[in-house]
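Just so it is clear, the values below take in all heavy atoms, side chains as well, and ignore hydrogens, waters and symmetry mates. Just so you know, residue 1 is the first one in the sequence shown, and it goes up from there. Remember, it's 1-based here, ligands and their atoms both numbered in the order they're listed. Since the model is a prediction, treat every value here as computed from it, not as a measurement.
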Amino acid sequence: MGAEELLRRYLEQRKEMGERELVLDDLTVEQVMEMIGARRKPGAPAAPGAPAASTPPSPAGSDWRAAIAAAGAAPGPTPAATPSATPAAARPPADAAPPTGGITVGGGERELFGGPVASANSLEEIAALVAACTKCILHKNAKNPVPGDGPAGARLMCVGEGPGASEDETGHPFVGQAGQLLTKILAAVDLKREDVYIANVVKHRPPGNRAPLPDEMQACLPYLARQVELVRPAVILALGLTAAQGLLDTKESLGKLRGREHRYHGIPVIVTYHPAALLRNPAW
Ligand code: URA
């Protein structure tokens, strides 16, 4: 496969991740131009590690990561680089700024929202409030509420977008194909799914698996906030663009949000791909 085709595929993948701007993971313009076979200015040195402009397609074949690495740039953390939970003693103070210039939402204070949700004293109480919730239209078509699963003392909290068909049927988050992959990803970093708290930004299934709308996310966020407050995990892992944007109250792209440490009311937040996107793009 030629370099142009590789670059086209790479850009399509970035677009699918919700990126509208081109941020090429530390690649220099020279490197990209060399990758697509554009001629260097006479006398300009080749970028370190980049194939010469006339080089035939690399034997690295169709793997875009290998192609980018061959061009001398790291394509950013791989999905396998998701964090293991930080030991409590090593956790940064709740009000410390994120070390990697990430987004900070809220301070380290405990009360995130007012009202009955804020006074729920257990995850079970939150589940009951979710089950009775009519704050947005999502409850109308949903078969079951999907408040979240996991122990109150979990040190890692995974946050997805919203329930799909399998989750709607069962009332449990991440039990479909994407959920099975999430279980494997957790196992790859020695975490049992039962030890992790798993929830979504919205607690009822959006019809036809569409992304939740901003007002639906706003209506539902107090439940997640209180879950975070009660579980008080060491790390939150936001799975995919919608979860990350909802949690971090931002419109930044997934490409920009990955690889930085953010803070949600003092708790470190790491953003990674949604497992469903990984199923569609195994090379990620
Ligand atoms: N996708 C999500 O974002 N959440 C689920 O619970 C299942 C699939």
Side-chain angles (χ1 to χ4, degrees), residues 16-18 79 82 123 126-127 129-131 133 136-139 141-151 154 156-188 191-228 231 233 235-254 257-258 262 264 269-282 284:
E16 190 172 337
M17 286 160 58
T82 49
L123 295 169
I126 295 177
L129 290 169
V130 166
C133 185
C136 77
I137 59 155
L138 293 183
H139 72 282
N141 295 313
K143 292 186 183 160
N144 285 297
V146 185
D149 272 355
L156 175 64
M157 182 161 179
C158 292
V159 177
E161 171 176 317
S166 313
E167 293 75 21
D168 188 40
E169 285 292 338
T170 60
H172 297 285
F174 281 99
V175 290
Q177 275 194 318
Q180 286 160 27
L181 180 57
L182 177 62
T183 305
K184 287 186 196 164
I185 291 170
L186 293 173
L191 288 171
K192 287 199 209 95
R193 184 189 162 104
E194 314 81 80
D195 295 338
V196 175
Y197 195 81
I198 302 176
N200 284 302
V201 171
V202 296
K203 314 294 194 195
H204 287 101
R205 183 191 183 195
N209 285 353
R210 67 160 167 77
L213 302 174
D215 62 312
E216 293 160 354
M217 292 208 275
Q218 279 312 312
C220 218
L221 271 169
Y223 298 116
L224 183 64
R226 187 64 181 148
Q227 286 171 324
V228 169
V231 174
V235 180
I236 298 172
L237 184 60
L239 299 167
L241 184 66
T242 307
Q245 289 186 337
L247 201 59
L248 297 172
D249 193 20
T250 180
K251 292 270 172 254
E252 283 191 33
S253 69
L254 193 63
L257 292 168
R258 281 177 70 234
H262 312 279
Y264 183 74
V269 177
I270 302 294
V271 175
T272 192
Y273 300 108
H274 192 287
L278 297 177
L279 287 171
R280 287 193 300 273
N281 303 280
W284 291 0

Q. In a check of side-chain contact (heavy atoms from CB on, under 4.5 Å) between Leu182 and each of Ile198, Val196, Val175, which one passes?
A. Ile198

Q) Backbone N or O of Ala142 within a donor-acceptor pair of the Asp168 side chain at under 3.5 Å? A) no

Q.
Residue by residue, ordered by chain and number, which ones reach under 4.0 Å of ligand 1 with a heavy atom?
A. Gly160, Glu161, Gly162, Glu167, Pro173, Phe174, Asn200, His274

Q. If you measure from CG on Asp215 to CE on Met217, what distance do you get to the nearest 0.5 Å?
A. 9.5 Å

Q.
Has Glu167 got a side-chain atom pairing as donor or acceptor with Gly176's backbone, closer than 3.5 angstrom?
A. yes

Q. Is there a donor-acceptor contact under 3.5 Å from the side chain of Gln245 to the main chain of Glu252?
A. yes

**Q.** Backbone N/O of Gln177 and side chain of Gln180: donor-acceptor pair under 3.5 Å
**A.** no

